[in-house]
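In what follows, a structure is listed as structure tokens, so that the remarks can point back to it.
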Amino acid sequence: VQLQASGGGLVQAGGSLRLSCAASGRTFSRYVPGWFRQAPGKEREFVAAISWIDDSTYYVDSVKGRFTISRDRAKNTVYLQMNSLKPEDTAVYYCAAGSSLRTVVRGIADYWGQGTLVTVSS
């Protein structure tokens, strides 16, 4: 499985961005996709994940109500819609795929994409 993230950029506080993660590989549907981020000087943290089975979603508390993870099965793509962005959302965002929701939420993934930088100015 190969993952290609895109959609990062510079946005003012309160603005929106949509990140995309395009997956290749026939077995991608067997994995749980998720988004992570790493801010300067901080450890990587889990942001969101979506079940490939029933579309149930999970978020870190700091983004609940502002970010939405979704997927397009036909395009093998996972999205992260980010609204009401704050300067503290500034980070490199990574998409990943793991074997279960439990492991992905814990930051354990089998495949990682390259990061895409999101910068939120105040």
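All values below were derived from every heavy atom in this structure, side-chain atoms included, with hydrogens, water molecules and symmetry-related copies excluded.
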On the 0 to 90° scale, with breaks at 30° and 60°, tag the F36-F46 ring pair as parallel, tilted or perpendicular. perpendicular

Pairwise side-chain contact, L85 with L17, heavy-atom cut-off 4.5 Å (strictly under): yes

If we only count heavy atoms from C-beta on, is the R37 to D89 side-chain gap below 4.5 Å? yes

On a heavy-atom basis, the closest approach of S122 and A13 is CA-CB, 4.3 Å

The reported gap from CD in Q81 to OG in S16 (rounded to nearest 0.5 angstrom) is 5.5 Å

Can any side-chain N or O of T77 pair as donor or acceptor with the backbone N or O of K75 at less than 3.5 Å? yes

Which heavy atom in P33 sits nearest to a heavy atom in I69, and how many Å separate them? O-CD1, 4.2 Å

Nearest 0.5 angstrom please: D55 CG to R71 CZ, how far? 4.0 Å

Would the number of heavy atoms belonging to other residues, nucleotides or ligands and lying under 6.0 Å from CD of Q2 be above 12? no

Taking side chain as C-beta onward, heavy atoms only, is R44 less than 4.5 Å from W112? yes

Smallest heavy-atom separation, Y58 atom then V105 atom, equals CB-CG2, 4.4 Å

Could you tell me the separation between the OG atom of S24 and the CD atom of Q4, rounded to the nearest 0.5 Å? 9.0 Å

Quick one: CZ on R66 to NZ on K64, what's the gap to the nearest 0.5 Å? 12.5 Å

Inter-residue atom distance Y79.OH - T68.OG1, 0.5 Å rounding: 14.0 Å

Residues in salt bridge (Lys or Arg N to Asp or Glu O under 4.0 Å) with R18, at least two apart? none

Distance-minimising heavy-atom pair for V60 and E45: CG2-OE1, 4.3 Å

Give the table of side-chain donor-acceptor pairs shorter than 3.5 Å for residues 94-103, with sequence neighbours excluded, one pair per line with atom names and distance.
unit_1, atom_1, unit_2, atom_2, d
S100, OG, T103, N, 3.2
S100, OG, T103, OG1, 3.1
T103, OG1, S100, N, 3.3
T103, OG1, S100, O, 2.9

Exam field: side chain T116 to backbone S6, donor-acceptor pair closer than 3.5 Å: no

Would a line drawn from the ring center of Y59 to the ring center of F67 be shorter than 6.0 Å? no

May I ask you to test the C21-W35 pair for a side-chain heavy-atom distance under 4.5 Å? yes

So which heavy atom on V104 is nearest to which on A49, and how close? CG1-CB, 3.9 Å

Measuring from atom CG of L19 to atom OH of Y93, what distance do you get when rounded to the nearest 0.5 angstrom? 7.5 Å

Measure from the side-chain N and O atoms of Q114 to the backbone N and O of A5, and report whether any donor-acceptor pair falls under 3.5 Å. yes

Heavy-atom check, side chain of I50 versus side chain of V32, under 4.5 Å: no

